[in-house]
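Read through the structure below, which is laid out as structure tokens, and then see the notes.
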Amino acid sequence: MGSHHHGNRATSSNGGAPLVDKDVDFAQYFCTYSFLYHQKEMLSDRVRMDAYYNAIFQNKHHFHGKVVLDVGTGSGILAIWSAQAGARKVYAVEATKMAEHARTLVKDNNLQDVVEVIEGSMEDITLPEKVDVIISEWMGYFLLRESMFDSVICARDRWLKPSGVMYPSHARMWIAPVRSGLVDQKKGDCDGAMDDWYNFVEDTKTYYGVDMSILTKPFNEEQRKYYLQTAMWQNLHPHQVIGVAAIIKEIDCLTASVNDVLEVRSNFLSSITMENTRLCGFGGWFDVHFRGRRDDPAQQEIELTTMPSVDNGTHWGQQVFLLHPPIRVSEGDNLNISFLMSRSKENHRLMEVEIGCEIIQSSGRSLPPLQNKFYIE
Ligand SMILES: C[S@@+](CC[C@H](N)C(=O)[O-])C[C@H]1O[C@@H](n2cnc3c(N)ncnc32)[C@H](O)[C@@H]1O
């Protein structure tokens, strides 16, 4: 890492989003994508690959003879498929040194006359012409982590023809009540860390003559944040979803602005659909659709979903927000949920989530409302 140098320290602003130091962003975010190891992980995700492959090859009319822009081409896979589907020209933009591997791959597949790999960040580069299609795989955990959609919006506003098509064209975020043994495990880990702290305080007093117990509270807060308030990656089994899933955000990739995705705010109702179980938290996932545009629709609409599944799990899994302690619930209990996700002030690619939940039992009795804060790191 760190082999990358942009000439000077620059900052960029994205439609009201906070200023971002590009060198810091490179060190914190882009560096992982410069490893083939990481690209391979994405290239091995069959659900992801099949969706993009089918979206392109079952909608060749959107690609044949057209000019395509692949935002964040990585290994070059989407650009190569676009060329194979008959594109006249493909601009494949990649910020990291992965661009070199993409160029090699393009050449080795004899597509160098069609695919032009451009190393640089989307926000900085210029293209010689406008494009008919923008294709990109920009989705992070729970859709918006990484904030890469900002770059796609920037590309769209600058380079997409008025008649152009977005691949994918739509995205949605989902949330549902879940049960999970992780809630007990994480509580155990956190308690273990505190037991260890108390021993440490005692030892430090005994052997080194300093009483550190005044730091117990901040240490506890730090550990709780780490074990209990950090959203967990999980591939949930569908049986772990114990209530009705709700859509909390819908994005039209052709019209959404950065402002539209800075925050996700939703109040919604759900109800428990399982007899006598524990509400251990909430699971969040997303789907995207390839529908073309209203006046130039897909011949075959394709969906890529990251919902809990036995056979079709993805590398995105789901993000789980755990409730401590879990709450006994049963079929027919109603949940009144408020959800707010915003970008972390320290790092615009990470998210903070607040979930409020009021439980109205099927008997009509309501439990004291909960309010929890989480971090998607
Ligand atoms: C999730 S990966 C997808 C890679 C490839 N398109 C695929 O589907 O396998 C996103 C890629 O976009 C690149 N990227 C993210 N933001 C970018 C930007 N603003 N300009 C250029 N590349 C960017 C990352 O370095 C990474 O390689």
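Atom set for the values below is all heavy atoms of this structure, side chains included, hydrogens, waters and symmetry mates excluded. The shown structure was predicted, so the numbers you read here are calculated from the model rather than taken from an experiment. Both counts, for ligands and for their atoms, begin at 1 and track the order of listing.
- Y52 and F290 have their aromatic ring centers within a separation under 6.0 angstrom.
- Taking any N or O of E94, backbone or side chain, at least one lies under 3.5 Å from an N or O belonging to ligand 1.
- Heavy atoms of other residues, nucleotides or ligands lying less than 6.0 angstrom from NZ of K107 number 12 at most.
- In terms of polar-atom proximity, defined here as any N/O pair under 3.5 Å, S151 does make such a contact with ligand 1.
- Between F321 and Y375, the distance from one ring center to the other does not fall under 6.0 angstrom.
- Of the protein's non-hydrogen atoms, the one nearest atom 3 (C) of ligand 1 is E137 O, 3.7 Å.
- Residue contact check: Q39 has heavy atoms under 4.0 Å from atoms 4 (C), 27 (O) of ligand 1.
- When heavy-atom distances to ligand 1 are checked against a 4.0 Å cut-off, T73 comes that close only through its backbone atoms N, CA, C and O.
- W138 and S151 share no donor-acceptor pair across their side chains, judged by distance under 3.5 Å alone.
- Taking the ring axis of F30 as reference, the NZ or CZ atom of R349 stays within 45° of it and closer than 6.0 Å to the ring centre.
- Interface atoms of ligand 1 facing L78, defined by a heavy-atom separation under 4.0 Å, are 6 (N), 8 (O).
- Separation of the W316 and F142 ring centroids does not fall under the 6.0 Å cut-off.
- Taking the six-membered ring where the residue is Trp, Y29 and Y33 present perpendicular rings, their angle passing 60° and hence far from 30°.
- Heavy-atom proximity to T96, at under 4.0 Å, picks out these atoms of ligand 1: 25 (O).
- Annotation: cation-pi geometry not satisfied between K187 and Y227 (NZ/CZ under 6.0 angstrom from ring centroid, within 45° of ring axis).
- Within the structure, ligand 1 lacks M139 among the residues with a heavy atom less than 4.0 angstrom away.
- Ion pair K217/E222 not flagged as a salt bridge, since none of the NZ, NE, NH1 or NH2 atoms sits closer than 4.0 Å to an Asp/Glu carboxylate oxygen.
- The heavy atom nearest to atom 17 (C) of ligand 1, out of those in Y33, F30, F149, is found in F30.
- Here the protein heavy atom with the shortest distance to atom 4 (C) of ligand 1 is G72 O, 3.5 Å.
- Of all protein heavy atoms, the one lying nearest to atom 21 (C) of ligand 1 is A95 N, 3.3 Å.
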**OP:** Determine, stepwise, if the pair M232 / L182 fulfils side-chain contact (heavy atoms from CB on, under 4.5 Å).
**Re:** CA-CA 9 Å; M232 305 291 307; L182 215 54; 3.8 Å; yes
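- Every atom of ligand 1 with a heavy atom of S121 under 4.0 Å away is listed here by number and element: 20 (N), 21 (C).
- At least one heavy atom of G120 sits less than 4.0 Å from an atom of ligand 1.
- Contacts with ligand 1 closer than 4.0 Å are made by side-chain heavy atoms of M148 only, the backbone lying farther away.
- Heavy atoms of E123 approach ligand 1 to within less than 4.0 angstrom.
- Nearest to atom 8 (O) of ligand 1 by heavy-atom distance, out of M122, R48, M42, K97, is R48.
- Near I77, meaning under 4.0 Å from any of its heavy atoms, are these atoms of ligand 1: 7 (C), 8 (O), 9 (O).
- A donor-acceptor pair shorter than 3.5 Å cannot be found between the side chains of S257 and N259.
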